[in-house]
There are 2 protein chains.
Amino acid sequence: MAAAQAGSLDRLFHALSDANRRGMVDRLARGPASVKELAEPGSLALPSAMKHLRVLEEGGLVRSQKSGRVRTYSIEPHALGRVEAWLAERKRGLNLQFDRLEAYLADGDAAEPTGTEA
Amino acid sequence: MAAAQAGSLDRLFHALSDANRRGMVDRLARGPASVKELAEPGSLALPSAMKHLRVLEEGGLVRSQKSGRVRTYSIEPHALGRVEAWLAERKRGLNLQFDRLEAYLADGDAAEPTGTEA
DNA sequence: TAAATAGTTTCCCATTTAGCGAACTATTGA
DNA sequence: TCAATAGTTCGCTAAATGGGAAACTATTTA
């Protein structure tokens, strides 16, 4: 456990690794928008915007639904929660490391601060 | 402000978008390690591991320092703080959206819940 | 000094990415 | 009905990625 699926996080972080896509997330954080509206801020052609949106969708960050001729995208509410969860896990690990380091610095004859074994 | 540099976040998230690299971060969260040690868990050849480590370094997630013939990598302590900061900012935005939605649902004659204008 | 070890650099390969123009398919609106 | 609008699909390009073998440069260590 704890490492749900690798591929899922791959897609999530990859989705966030592009400024245009993060811009779309920011835009969608203020409310739903159409493909065209999402394309404009980055001066993207529609096909390019669509690719980005597909990446965001595969990363689980946004949802979409088509009505008439316009497809409306919106934020996947729990999307950022996955980033947060991952982050919390690592920070836990780091805190442990620092705790050991502090313990090591505190009483000089304790074991080494972990990590350089083997 | 608030959006330090786009390229920087690009590199940060891109660094995290690969399972091997996240594995290296996890490993380093438990303490420093050599290139070889970091290559083993993923059964990577050294050149491949080096590439990943360079990506992590460019993403500001790790540091390295060479002594003798071994280069030792360690976590850049404030690395995850940048992810956290970005995350906090978005969550703030999302809360605002939800606040507005709640307000909208509360008293029916208020303005629309933002987003679909234009 | 000779052999083993740890990185490093240089190519090479297949795949993916980001971007777009063109052409096509609905829907709207006039 | 006809024209504009919003997406969508289909190539196509240039660049970046992820992987590694080969060959080379230090350092250790025997």
Side-chain angles (χ1 to χ4, degrees), chain A residues 5-25 27-28 31-59 61-74 115-118, chain B residues 6-25 27-28 31-74 115-118:
Chain A
Q5 301 116 304
S8 166
L9 281 173
D10 284 14
R11 284 189 293 277
L12 173 58
F13 283 120
H14 171 245
L16 293 174
S17 72
D18 179 279
N20 277 318
R21 285 193 291 265
R22 287 195 306 277
M24 289 172 169
V25 169
R27 169 63 188 77
L28 291 176
S34 69
V35 176
K36 199 191 157 208
E37 287 169 335
L38 291 165
E40 273 162 7
S43 307
L44 292 171
L46 284 200
S48 309
M50 284 186 59
K51 275 198 199 171
H52 284 303
L53 288 166
R54 190 170 318 121
V55 171
L56 285 171
E57 209 158 12
E58 284 169 356
L61 285 161
V62 307
R63 265 181 309 153
S64 80
Q65 138 219 344
K66 190 164 181 176
S67 126
R69 70 181 160 185
V70 39
R71 176 177 296 276
T72 300
Y73 277 87
S74 47
T116 334
E117 79 285 89
Chain B
S8 166
L9 281 173
D10 284 13
R11 284 188 293 276
L12 174 57
F13 283 119
H14 171 245
L16 293 174
S17 73
D18 178 279
N20 278 318
R21 286 194 290 264
R22 287 195 306 278
M24 289 173 169
V25 169
R27 169 62 186 78
L28 291 176
S34 69
V35 176
K36 201 192 155 206
E37 287 169 335
L38 292 165
E40 273 162 6
S43 307
L44 292 171
L46 285 199
S48 307
M50 285 185 59
K51 277 194 199 173
H52 285 302
L53 288 166
R54 191 171 317 122
V55 171
L56 286 171
E57 208 157 13
E58 284 168 357
L61 285 161
V62 307
R63 264 179 310 152
S64 80
Q65 138 218 345
K66 191 166 182 176
S67 126
R69 70 182 162 185
V70 37
R71 175 177 298 277
T72 300
Y73 277 87
S74 46
T116 334
E117 79 283 86

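Residue numbers start from 1 in every chain, and the chains themselves are labelled A, B, ... in the order their sequence lines are given, proteins ahead of strands.
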Verify the contact: side-chain N or O of [X] to OP1 or OP2 of [N], cut-off strictly under 4.0 Å; return yes or no.
X       : N      : result
B:Ser48 : D:dG20 : yes
A:His52 : C:dT17 : no
B:Lys66 : C:dT8  : yes
A:Arg71 : D:dT8  : yes
B:Arg69 : D:dT29 : no

How long is the line joining [atom1] of [X] and [atom2] of [N], in whole Å?
X       : N      : atom1 : atom2 : value
B:Glu58 : D:dG18 : CD    : P     : 11 Å
B:Lys36 : D:dT28 : NZ    : P     : 15 Å
A:Gln65 : D:dG7  : CD    : P     : 13 Å
A:Leu44 : C:dG19 : CG    : P     : 6 Å
A:Asp10 : C:dT15 : CG    : C1'   : 15 Å

>> Could you go through B:Thr72 and B:Gln65, starting from their C-alpha distance and side-chain angles, then the distance that decides it, and tell me whether this counts as side chain to side chain contact (heavy atoms under 4.5 Å, CB included)?
In response: CA-CA 5 Å; B:Thr72 300; B:Gln65 138 218 345; 5.5 Å; no
> Which part of the nucleic acid, if any, lies within contact of B:Arg54, taking any heavy atom under 4.0 Å across all strands shown: a base, the sugar-phosphate backbone alone, or nothing?
Replying inline: nothing
Between [options], spot the one nearest the side chain of [X], thanks.
X       : options                : answer
A:Lys51 : D:dT8, C:dT9, C:dG19   : C:dG19
B:His14 : C:dT8, D:dA6, D:dT17   : D:dT17
A:Pro47 : C:dG21, D:dG18, C:dT8  : C:dG21
B:Asn20 : C:dT17, D:dG19, C:dC20 : D:dG19
B:Val70 : D:dG19, C:dG7, D:dG7   : C:dG7
A:Asp18 : C:dA18, D:dG20, D:dG7  : C:dA18

> What closest approach, in Å, do B:Leu16 and B:Arg22 show between heavy atoms, and which atom pair accounts for it?
Replying inline: O-NH1, 2.8 Å
